[in-house]
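Some notes on the structure that comes next.
Remember, predicted model here, so these are calculated numbers, not experimental data. In what follows, chains are A, B, ... by sequence order, proteins preceding strands, each numbered from 1.
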Protein chains: 4
Amino acid sequence: MTTPLRADAARNRERLLAIARAAMTEGDLALQLNDIARRAKVGVGTVYRHFPTRRALVEALADGAFATLVDEARAASRHDDVWTGVEILLRALLLRQVADPAFAEVISTGPDQDATATTTEHREQWSAAARVVLERARQAGVLRPGLTDDDLHHLVCGTAFALRIGDEPTLRIDRYLRVLLDGIHAAERNGVNSGTAGLQARRARS
Amino acid sequence: MTTPLRADAARNRERLLAIARAAMTEGDLALQLNDIARRAKVGVGTVYRHFPTRRALVEALADGAFATLVDEARAASRHDDVWTGVEILLRALLLRQVADPAFAEVISTGPDQDATATTTEHREQWSAAARVVLERARQAGVLRPGLTDDDLHHLVCGTAFALRIGDEPTLRIDRYLRVLLDGIHAAERNGVNSGTAGLQARRARS
Amino acid sequence: MTTPLRADAARNRERLLAIARAAMTEGDLALQLNDIARRAKVGVGTVYRHFPTRRALVEALADGAFATLVDEARAASRHDDVWTGVEILLRALLLRQVADPAFAEVISTGPDQDATATTTEHREQWSAAARVVLERARQAGVLRPGLTDDDLHHLVCGTAFALRIGDEPTLRIDRYLRVLLDGIHAAERNGVNSGTAGLQARRARS
Amino acid sequence: MTTPLRADAARNRERLLAIARAAMTEGDLALQLNDIARRAKVGVGTVYRHFPTRRALVEALADGAFATLVDEARAASRHDDVWTGVEILLRALLLRQVADPAFAEVISTGPDQDATATTTEHREQWSAAARVVLERARQAGVLRPGLTDDDLHHLVCGTAFALRIGDEPTLRIDRYLRVLLDGIHAAERNGVNSGTAGLQARRARS
DNA sequence: AATGAATGAGCCTTCATTCAT
DNA sequence: GATGAATGAAGGCTCATTCAT
């Protein structure tokens with residue numbers, strides 16, 4: 001009642017984020033701003049002030065997860081074991097997506113658009129940290145050759161998608177991740193059989 | 001096929017399908033019936049007569065690809081080499097999705113809802129044929145244990161998704177498919193690093 | 001197979017009428033021509049050939065009832081007892097409406113529009129016969145003065161409406177008809193109290 | 001009344017009601033929300049905000065008449081003369097319908113559906129007040145036996161219908177009302193001709 | 001005659017966004 | 001800043017009617 005306008009606004013912002021997060025978690029991926037306003041018992045105008053577009057709201061929702069991910073990526077880059085670093089990195093990217101649909105949406109989408117400054121920054125920090133991990137893996141020869149950073153990024157997003165389209169995603173995380181990690185690991189495969197030729201090249205047993 | 005369509009009706013139907021396919025291929029995944037009508041220079045009613053819902057149209061678009069896929073799956077089941085059968089099977093599933101967004105939508109989606117008879121039938125035939133291939137592979141011990149038919153289905157859809165969210169999907173198909181196939185192959189992995197337990201164990205220490 | 005075209009058409013016509021009647025009786029008062037065509041497994045065109053407009057169909061449905069009504073009205077005009085004639089006349093008009101929604105629609109509606117020849121004729125015959133009955137009643141002084149033929153017509157339609165808007169119309173027919181007939185009977189009321197002044201004029205007991 | 005409407009919103013609401021009332025009075029019983037919006041030179045959304053369904057609009061239009069009717073019914077129940085109370089009650093019910101087509105629609109329709117709270121309340125208040133009047137009349141023996149409250153309700157609605165389907169309804173009100181009131185009055189009828197049995201008996205002979 | 005495909009006006013409804021209060 | 005009423009483009013869908021086959 002004094003003049004804590006900032007506090008007021010901040011409280012509103014958190015309120016909106018909480019409600020939006022709840023909505024998304026409940027599976028309401030449309031996330032209509034009008035709807036959020038109504039649920040939050042706040043005028044639409046207020047929502048628009050804080051989040052001028054649906055995308056802005058989604059990015060705001062994803063911010064926390066994205067920040068955490070950056071930390072995890074940096075931690076991964078400091079890990080002693082190079083391959084374990086890769087595992088930590090990709091597992092983190094996967095887990096964040098499974099846990100947070102807003103983040104999944106942001107990360108599966110190109111950096112284009114009119115992204116938030118924060119999101120752009122996160123994206124760059126994440127790329128940088130990931131680059132370190134993956135480059136080390138390549139140097140060490142533990143990462144299957146021919147896969148770019150983007151490829152790995154896409155593959156993890158694909159794995160998250162694979163989890164989403166089935167029941168009980170969380171129960172399947174480890175299984176699917178294992179498949180991915182083994183798939184991208186530089187194989188002590190008997191040389192011949194990587195690349196496109198795979199279909200006819202046969203390994204030891206058939 | 002069901003009812004012998006009148007010549008003009010058949011022509012219209014094909015016209016609509018062609019235009020709808022074009023729209024989807026251009027990336028217009030919304031595929032609004034009104035829009036299709038306008039593009040086809042046809043009354044809305046005509047579109048609704050042929051395809052009472054968006055879903056019906058998408059399924060009609062996917063029909064051809066789905067039929068082909070069933071054939072390919074059956075061919076896979078007849079292949080001499082068991083593992084090659086798996087490769088053919090999954091590669092086919094992936095290729096159809098990359099080539100046809102409508103099919104990708106149908107196949108990534110549960111069988112529920114009020115699906116077309118044709119679609120339902122295709123789905124069953126596909127499942128049956130795939131089951132044969134995968135079961136043989138399990139018997140032969142070439143398929144990584146613990147993966148259900150559904151898991152593999154989801155993983156291929158995830159791979160298709162991974163291709164979609166990057167540039168030039170077609171150029172990356174083989175690379176991503178290789179990763180997947182190696183990931184699901186029963187490994188003569190060198191002990192340490194297989195099994196689900198690996199990562200958690202390591203993380204605990206990190 | 002010879003060339004019984006007429007027979008063919010006639011059969012179709014009856015078929016359509018039967019189905020339309022069923023539809024109306026089931027409470028589908030919209031009576032959409034497309035719908036009738038579908039139910040009759042006949043092309044829309046066929047329906048339109050026989051009944052160029054919904055109204056034409058409704059009138060055709062009502063024809064039988066209307067013809068019967070004319071007979072009943074003529075019978076009423078021949079009845080020995082003048083007042084009984086009135087009762088028979090109005091009861092018939094009411095019963096036809098309760099039994100046949102199509103007829104109720106036709107009879108509650110002015111003669112205007114582009115009515116069928118048959119309907120117009122029926123309407124005239126009915127009016128003529130009713131006029132006889134009612135005029136006799138007026139001459140005999142048994143009909144409340146001040147009520148025109150049209151008034152009585154409207155009042156019966158109103159009674160039919162009163163039956164329609166409640167449950168179990170048929171069970172209430174006699175009750176409502178009794179009210180109407182007593183209301184229009186020339187009262188051996190004690191003179192004073194007919195006309196608008198009613199509200200304050202009181203009869204014997206209050 | 002429920003929520004203190006913003007000045008402009010209230011103005012709009014009244015505007016819409018006025019225009020809708022005009023439309024109905026002109027005989028446009030369809031009362032399409034789009035149409036009202038256009039006539040009012042207002043966005044469709046505005047209409048939908050105030051009246052989410054056609055029914056809501058009709059009920060809003062009827063509110064005033066319904067409230068008045070409740071008052072009139074209560075006044076009727078307080079009248080010294082029992083029969084006069086009945087006359088006042090039914091006359092009021094009839095007049096409101098003739099004056100207001102929206103009210104006529106609401107009152108001729110069952111209480112089911114998703115009615116407005118206000119309407120539901122009015123309906124209950126009206127029923128209660130009417131019950132008092134009619135029960136007193138039954139006790140006093142001035143109301144024809146065998147007629148339920150609903151019967152009387154229906155009969156008045158029927159009378160309103162009878163007025164609607166002819167020209168110059170207002171000029172015929174008293175005439176028709178007189179018929180109804182005499183019809184439902186407990187008759188000191190001269191024996192022969194009262195009771196439901198009368199007509200059938202006679203018809204048997206005809 | 002019969003058919004039923006095509007037409008398209010037009011109703012219903014939602015929702016992102018603006019802006020007066 | 002907050003509010004929420006207003007806006008209206010746009011999509012969904014139905015159905016009376018026409019007309020080529």
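Residue A:Asn34 is in base contact, counting any heavy-atom pair closer than 4.0 Å across all strands shown. At the heavy-atom level, A:Asn12 lies under 4.0 Å from the strands shown only through sugar-phosphate atoms.
Pair check for E:dA1 finds none; no Watson-Crick or G-U wobble contact set falls under 3.5 Å. Nucleotide E:dT13 forms a Watson-Crick or G-U wobble pair with F:dA10, both donor-acceptor distances falling under 3.5 Å. F:dT17 is paired with E:dA6 under the Watson-Crick or G-U wobble criterion, all donor-acceptor distances under 3.5 Å.
Nearest-nucleotide positions on DNA chain E for D:Arg11 and B:Lys41 put B:Lys41 closer to the 5' end. Along DNA chain F, the nucleotide nearest A:Gly45 and the nucleotide nearest D:Gly45 are compared for position; the residue whose nucleotide lies closer to the 5' end is A:Gly45.
Side-chain N/O atoms of B:Thr46 include none lying less than 4.0 angstrom from OP1 or OP2 on E:dA5. Distances shorter than 4.0 Å separate some side-chain N or O of A:Arg49 from OP1 or OP2 on F:dA2.
Using bins of under 30°, 30° to 60° and over 60° for the plane-to-plane angle, the ring pair A:Phe66/A:His122 lands in the tilted bin.
By the 4.0 Å N-to-carboxylate-O rule, B:Arg11 lies too far from B:Asp8 to be salt-bridged with it. A salt bridge does not link A:Asp100 with A:Arg96: none of the charged nitrogens is closer than 4.0 Å to a carboxylate oxygen.
The side chain of C:His50 has E:dA2 as its nearest neighbour among F:dT14, F:dT18, E:dA2. For B:Ala9, the side-chain atoms get nearest to E:dA6 when compared with the rest of E:dA6, E:dT14, F:dA16. Side-chain proximity of B:Val44 to the nucleotides E:dG8, F:dG8, E:dT7 is greatest for E:dG8.
Across all their heavy atoms, B:Phe51 and B:Leu33 have their closest contact at O-CD1, 3.5 Å.
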